[in-house]
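We name chains A, B, ... by the order of the sequence lines, and we start the count at 1 in each one.
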Amino acid sequence: MIIVVVGATATGKSDLAVQLAKKYNGEIISGDSIQVYKELNIGSAKITREEMQGIPHYFIDYCHYDEDYNVKVFQEVGRKYIEDILSRGKNVIICGGTGLYIKALLYDYVFHEEEIDENYRKLLSEKSTEQLYQMLCEIDFNATDTIHPNNRQRLIRALLMAHSGEKKSDRIAKQEHKMIYDAILIGLNAERSYLYNRINQRVDLMFEQGLVEEMQEIYKENVFQLQSMKAIGYKEFEPYYLGIQTLEEVKEHIKKNTRQLAKRQYTFFNNQFDIKYYSIQEDYRSQIEKDIEEKLHEQNK
RNA sequence: AGGGGCGUAGUACAAUGGUAGUAUAACGGUCUCCAAAACCGCUGAUGCGGGUUCGAUUCCUGCCGCCCCUG
């Protein structure tokens, strides 16, 4: 059995995942793009050893903050984890807030090995965004359906894909857009004002727990160039180190950015998955367990 | 108390005697290897009253509020 727990940040996914793992003999695969970094603990709201309560967690502390990590790795390794856990007769709990990662893992997304032509990449980086859009119109017109002309990052990505052999639109056309696993999807949700309160409190707590010190420990030359440092809770420190913002301002920015993230996460899960939502302001746990058991019953028939 | 200044969107700032802009927030959305990223859409304002004027957010004036200086 595979249970997937998703939802916006600060809805209590990690906690629920552990509860479910204990109750249903499961192990947890984290679908979070930031908690993979060993050095990022407080700011990523990473689950602690104690909170894991002895349940195995995969993809937590998976790599260092100066290493590269992406969806492809997550999908590839994640599927191995799933097989492994199931083969040992245990259940899989997937828990995380990174929508693309969860979707790539569960659906028939395909990521090929690609050889990146650095010269071509460099060539593209020198083009104007408008030129990039024109190029994509000529090379892979169908892909422009889902890429806005201003979205430089995605224009370059689609051009690189076409250059490496397979057009983005061709690849997507081959897929069935179906889930490849029979999974139970659980979404956690709350009223916006309730969630925002939780977020604000959590950020205050992060500072009490030593977020400033954690940042100081990993601070080094050009640290903010790192992909991992684009994470909320860390990137906001850059103006502080430049001497143009106070810690109080940094904290407010972290809160604001986290609220905006929560909204985007909600939008993604809500519109990309067919999920049943449970409000964390109600007695959701018993309802979830009831639904899981119903599903188990069906499967055993 | 006297003198001066300022009141424009939730916030920061523009502008004009004739349709009040920008940024940001808020709200909504896109998503196939940077996704806590990148990008898009949209709502929203001239403190209150009087006067001049065809027309006032703009000019004059009273009130209210805020700031600075002097005592």
Seminar exercise, completed: Rounded to whole Å, NE2 of A/H112 lies from P of B/C33 at a distance of 11 Å
Problem set entry | Pair partner, B/C42 [Watson-Crick or wobble, under 3.5 Å] | none
For this session: In whole angstrom, give me the gap between the C1' atoms of B/A9 and B/A14.
Result: 13 Å
Exercise. Closest to the A/K235 side chain: B/A37, B/C27, B/U32?
Worked result: B/A37
For this session: Report yes if a side-chain nitrogen or oxygen of A/Y37 is closer than 4.0 Å to either non-bridging phosphate oxygen (OP1 or OP2) of B/C34; otherwise report no.
Result: no
Exercise. How many Å lie between CD1 on A/I156 and P on B/C33, as a whole number?
Worked result: 13 Å
Problem set entry | C1'-based separation of B/C31 from B/A37 [nearest Å] | 11 Å
Problem set entry | base_contact_polar (B/C39 base, A/Q153 side chain, donor-acceptor, <3.5 Å) | no
Exercise. Where the side chain of A/K168 is concerned, which of B/C34, B/C40, B/U32 is the nearest nucleotide?
Worked result: B/U32
For this session: Whole angstrom is fine here: how far is it from CG in A/L132 over to P in B/C39?
Result: 13 Å
For this session: With the side chain of A/H148 defined as its heavy atoms from C-beta on, choose the nearest nucleotide among B/C40, B/C31, B/C27.
Result: B/C40
Exercise. Taking atom types as they are modelled, is there a donor-acceptor pair under 3.5 Å from the base of B/U32 to the side chain of A/H177?
Worked result: yes
For this session: Taking only Lys NZ, Arg NE, NH1 and NH2, and the carboxylate oxygens of Asp or Glu, determine whether A/E252 and A/K256 approach each other closer than 4.0 Å.
Result: no
For this session: Hunt down the Watson-Crick or G-U wobble partner of B/G62, both distances under 3.5 Å, from any strand shown, or write none.
Result: B/C48
Exercise. Above 12 or not: heavy atoms from other molecules or residues under 6.0 Å from NE2 of A/H177?
Worked result: yes
For this session: Measure from CD1 on A/I172 to C1' on B/C31 and round the result to the nearest Å.
Result: 10 Å
For this session: Check the angle between the aromatic planes of A/F59 and A/Y81 and answer parallel, tilted or perpendicular using the 30° and 60° thresholds.
Result: perpendicular
Atom pairs under 3.5 Å: protein N/O with N/O of nucleotides 9-13 of chain B:
none

Exercise. Between the base of B/C31 and the side chain of A/R154, is there any donor-acceptor pair under 3.5 Å?
Worked result: yes
Exercise. C1' atom, B/A25 versus B/C13: distance in rounded Å?
Worked result: 14 Å
Problem set entry | Donor-acceptor side-chain pairing of A/Q227 and A/D68 below 3.5 angstrom | no
For this session: Would you kindly give the CG-to-P distance between A/L100 and B/U30, to the nearest whole Å?
Result: 14 Å
For this session: Taking the side chain as every heavy atom from C-beta outward, state whether A/T258 and A/N200 have any atom pair closer than 4.5 Å.
Result: no
Problem set entry | Salt bridge flag under 4.0 Å for residues A/E118 and A/R121 | yes
Seminar exercise, completed: On RNA chain B, more 5' by nearest nucleotide between A/E114 and A/N151 is A/E114
For this session: Identify whether A/L188 and A/Y24 are in the same connected component of the hydrophobic contact network (ILVMFWY, side-chain heavy atoms under 4.5 Å).
Result: yes
Problem set entry | Between B/A38 (C1') and A/R152 (CZ): distance, integer Å | 12 Å
Exercise. Does the ring of A/F207 carry A/K251 above it, NZ/CZ under 6.0 angstrom from centre and within 45° of its axis?
Worked result: yes
Exercise. Between B/G3 and B/G21, how far is it from one P atom to the other, in whole Å?
Worked result: 38 Å
For this session: With the side chain counted from C-beta on, respond yes when A/L159 and A/I139 share a heavy-atom pair under 4.5 Å apart, and no when they do not.
Result: yes
Problem set entry | Charged tip of A/K263 within 45° of A/Y266 ring normal and under 6.0 Å | no
For this session: Sort out the partner of B/U11 for me: Watson-Crick or G-U wobble, both distances under 3.5 Å, none otherwise.
Result: B/A23
Problem set entry | Heavy-atom side-chain contact between A/V212 and A/L247 under 4.5 Å | yes
Exercise. For B/A37, which nucleotide is its Watson-Crick or G-U wobble mate, given both distances must be under 3.5 Å?
Worked result: none
For this session: Could you measure between the two C1' atoms, the one in B/C6 and the one in B/G28, and give it in whole Å?
Result: 36 Å
Problem set entry | For A/Y278, the option from A/N189, A/D291, A/D283 that meets side-chain hydrogen bond (donor to acceptor under 3.5 Å, both in side chains) | A/D291
For this session: Rounded to whole angstrom, note down the C1' distance from B/U30 over to B/A23.
Result: 23 Å
Problem set entry | Base-pairing mate for B/U53 - Watson-Crick or G-U, with both contacts under 3.5 Å | none
Problem set entry | Pairwise P distance for B/U16 and B/C33, with rounding to whole Å | 48 Å
For this session: Could you give the distance separating B/G51 and B/U58 at their P atoms, to the nearest angstrom?
Result: 14 Å
Problem set entry | Nucleic acid contacts - residues 242-281 of chain A versus RNA chain B, non-hydrogen atoms under 4.0 Å | A/K256, A/R259, A/Q260, A/L261, A/K263, A/R264, A/T267, A/F268, A/N271, A/Q272
Seminar exercise, completed: Here the distance between atom C1' of B/A35 and atom CZ of A/F111, to the nearest Å, is 11 Å
Exercise. Which nucleotide, B/A35, B/C39, B/C27, lies nearest any side-chain atom of A/N150?
Worked result: B/C39
Problem set entry | Rounded distance (Å) that lies between atom C1' of B/A38 and atom OH of A/Y133 | 16 Å
Exercise. Who is the Watson-Crick or G-U wobble partner of B/U32, with both distances under 3.5 Å?
Worked result: none
Exercise. With a centroid cutoff of 5.5 Å and a plane-angle limit of 30°, would you call A/Y109 stacked on B/U32?
Worked result: yes
Exercise. Does A/R157 place a side-chain N or O at less than 4.0 Å from the phosphate oxygens OP1/OP2 of B/C33?
Worked result: yes
Problem set entry | Contact under 4.0 Å: A/N70 side-chain N or O vs B/C34 OP1/OP2 | no
